[in-house]
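Here the structure comes first, spelled out in structure tokens, and everything after it is commentary.
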2 protein chains.
Amino acid sequence: MTLKPPRKRNADTTKARILDAAQEVFARTSFSDAGIREIATLAEVSTTLLLQYFGTKAGLYEAALNAAMPLAAVLSQPRETFGPALATALLKPGLAIRPPLMMALAAGNAEAATIAARVMEERSIAPLAKWLGPPHARARALEIAALATGLVTYTKHLPLRANTRRDVKHMAEWFAKSVQRIVDATE
Amino acid sequence: MTLKPPRKRNADTTKARILDAAQEVFARTSFSDAGIREIATLAEVSTTLLLQYFGTKAGLYEAALNAAMPLAAVLSQPRETFGPALATALLKPGLAIRPPLMMALAAGNAEAATIAARVMEERSIAPLAKWLGPPHARARALEIAALATGLVTYTKHLPLRANTRRDVKHMAEWFAKSVQRIVDATE
DNA sequence: CTGATAAGTTATCGGTTGATCAGTTAAAAA
DNA sequence: TTTTTAACTGATCAACCGATAACTTATCAG
């Protein structure tokens, strides 16, 4: 039995594979706990190649965070259903939106936090604020981000065994309603 | 000049000093990035003594998290002003309530997350749910916790330079109102 | 076919981390 | 004072991490 069908050499697809692996690991592991060896293994490359492409672990983190921003898709939703749509996207099993998790996890490491704050600002807060419009556009964008981070932290990330499906459902509805309230706010 | 007035030997106050230092460091640094050397230095003890008292770094983390739970003080507030009171307590400069930060930071390390989830459950979610009462007591407690974690993450923790005082003030009011709505919910 | 070049790996290094062992010093008991 | 016990420390270790240098191998233009 041939164990390993070899792989075609291609820098672009390899980089994409590394970014995929990095997103997954950085979304469930803090910056320091995430090891480049683990990411490299998941992407089926050597750590050397990973570093050759992205320079340093921090460089890989920034690239992965940038690549993980799917906000455009969510912002193309109609305003009237933004809240429920975001709730569904965040809680979808498996294919979750990862930045809220990466954001919360970044806060514990100075280097990662600096990178995360910049990327979050440019790729998420600013466009969302622009989409929301006045009044208090930026504050309202931050509030939605805060809601998203809190929701995923307590539903998907912390191993709170006592959480029931009923709890999660109630939280999802509350989240959708809260976000929608922020979107619709006029005063 | 005598640089160091020596210190009276006392295990209890020394343990308290270590716990204080641990709370501070664990509230701004992820579990893995927080070093026992840093905590020991801040507490002015050796790492050896720290480990002798708390066994392992994880043991110290659990003790610090337990000691950092000030929920009782907040729960003695009248129900009608719970939201604003919690907002004030969370955003007070310097003396912040630390568990929401520690909670978010714990999520990135499997060992810390397990400890944090258990402590959070017993010391925060469960009592808060009991205080809230039906309907959906537990889900509503989780929602308040999620709000608190999100708020402190985006106001105090992530280095988002663009945050203005106006933004923070708007978020604080929004937070107070949102929490109060959960407290008052009857349906 | 044949270099040339890009894609990829193996081996290893210095630095840091949590933890341990053996020892020292201060305070209380006798 | 002397003895005993508890508080506390310095030196050190094995394990692991990110990063680097030197090397091999596949792909493709000519």
Side-chain angles (χ1 to χ4, degrees), chain A residues 2-22 25-26 28-64 105-106 108-112 114-115, chain B residues 2-22 25-26 28-65 105-106 108-115:
Chain A
T2 42
L3 283 175
K4 298 208 177 181
R7 198 192 300 275
K8 207 61 179 304
R9 285 192 173 185
N10 182 308
D12 288 339
T13 65
T14 302
K15 283 180 195 172
R17 231 172 42 243
I18 295 173
L19 282 178
D20 274 353
V25 174
F26 281 130
R28 68 173 144 80
T29 321
S30 75
F31 181 73
S32 299
D33 284 294
I36 57 170
R37 284 171 173 82
E38 181 186 359
I39 297 173
T41 301
L42 194 61
E44 298 181 84
V45 296
S46 65
T47 64
T48 313
L49 188 63
L50 184 156
L51 290 173
Q52 183 174 313
Y53 284 150
F54 298 98
T56 64
K57 182 179 166 181
L60 174 62
Y61 177 77
E62 178 161 7
L105 295 179
N109 178 281
E111 188 179 9
T114 304
I115 295 171
Chain B
T2 43
L3 282 175
K4 295 208 177 182
R7 199 192 299 277
K8 213 48 181 314
R9 286 193 172 186
N10 183 308
D12 287 339
T13 65
T14 302
K15 283 180 194 173
R17 230 171 43 242
I18 295 173
L19 282 178
D20 273 353
V25 174
F26 280 131
R28 67 174 143 80
T29 321
S30 75
F31 180 74
S32 298
D33 284 295
I36 58 170
R37 281 169 176 84
E38 181 185 0
I39 297 172
T41 301
L42 194 62
E44 299 182 82
V45 295
S46 65
T47 64
T48 314
L49 187 62
L50 184 156
L51 290 173
Q52 183 173 312
Y53 284 151
F54 298 98
T56 64
K57 181 179 166 182
L60 174 62
Y61 177 77
E62 177 161 9
L65 189 57
L105 295 179
N109 177 280
E111 189 179 10
T114 304
I115 295 171

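Residue numbering restarts at 1 for every chain, and letters A, B, ... go by the order of the sequence lines. These numbers come from the heavy atoms of this one structure, side chains and all, not from hydrogens, waters or symmetry mates.
- The CD atom of B:E38 sits 15 Å away from the C1' atom of C:dG18 (whole-angstrom rounding).
- For B:D33 and C:dT16, the CG to P distance is 14 Å, given to the nearest whole Å.
- On a pure distance criterion of 3.5 Å, no polar donor-acceptor pair joins the side chain of B:S32 and the base of C:dT17.
- Taking the side chain of A:T48 as heavy atoms from C-beta on, and the options C:dT9, D:dG18, C:dC21, the nearest nucleotide is C:dT9.
- When all heavy atoms of A:S30 and A:D33 are compared, the closest pair comes out as OG-OD2, 2.8 Å.
- A:I39 has its CD1 atom 15 Å from the C1' atom of D:dA19, to the nearest Å.
- Comparing A:F31 and B:V45 along DNA chain D, the residue whose closest nucleotide (by nearest heavy atom) sits nearer the 5' end is B:V45.
- Pairing each heavy atom of A:N10 with each of A:D12, the nearest pair is OD1-N, 2.8 Å.
- When the salt bridge (charged side-chain N to carboxylate O under 4.0 Å, His left out) test is applied to A:E38, the partners found at least two apart in sequence or on another chain are A:R28.
- Contact check of residues 52-61 of chain B against DNA chain C (heavy atom, cut-off under 4.0 Å) returns B:T56, B:K57.
- Comparing D:dA7, D:dG18, C:dT9 by their nearest atom to the side chain of A:L49 picks out C:dT9.
- Contact between A:I39 and A:I18 at its shortest, heavy atoms only, is CG2-O, 4.1 Å.
- In this structure, A:A34 reaches the sugar-phosphate backbone alone: every heavy-atom distance under 4.0 Å involves primed, P, OP1 or OP2 atoms, never a base.
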Filtered N/O pairs between nucleotides 28-30 of chain C and protein, under 3.5 Å:
none

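- Straight-line distance from the CG atom of A:L50 to the P atom of C:dT10: 15 Å, rounded to whole Å.
- Between the CG atom of B:L51 and the C1' atom of D:dA7 there is a distance of 15 Å, given to the nearest Å.
- In this structure, the CD atom of B:E44 is 19 Å from the P atom of D:dA7, given to the nearest Å.
- Place B:I36 and B:R7 on DNA chain C by their nearest nucleotides, and B:I36 ends up nearer the 5' end.
- Side-chain atoms of B:S46 stay outside donor-acceptor range of the base of D:dG10, with no qualifying N/O pair under 3.5 Å.
- Smallest separation of non-hydrogen atoms from A:A22 and A:A64: CB-CB, 3.8 Å.
- The aromatic rings of B:F26 and B:F31 lie parallel to each other, their planes meeting at an angle below 30°, with 60° marking the opposite boundary.
- Here the closest non-hydrogen pair linking B:E44 and B:R17 is O-NH2, 3.8 Å.
- Look at CD1 on B:I18: it is 15 Å from C1' on C:dG18, rounded to the nearest Å.
- For the OP1/OP2 pair of C:dG18 and a distance below 4.0 Å, the side-chain nitrogens and oxygens of B:T47 include no atom meeting the criterion.
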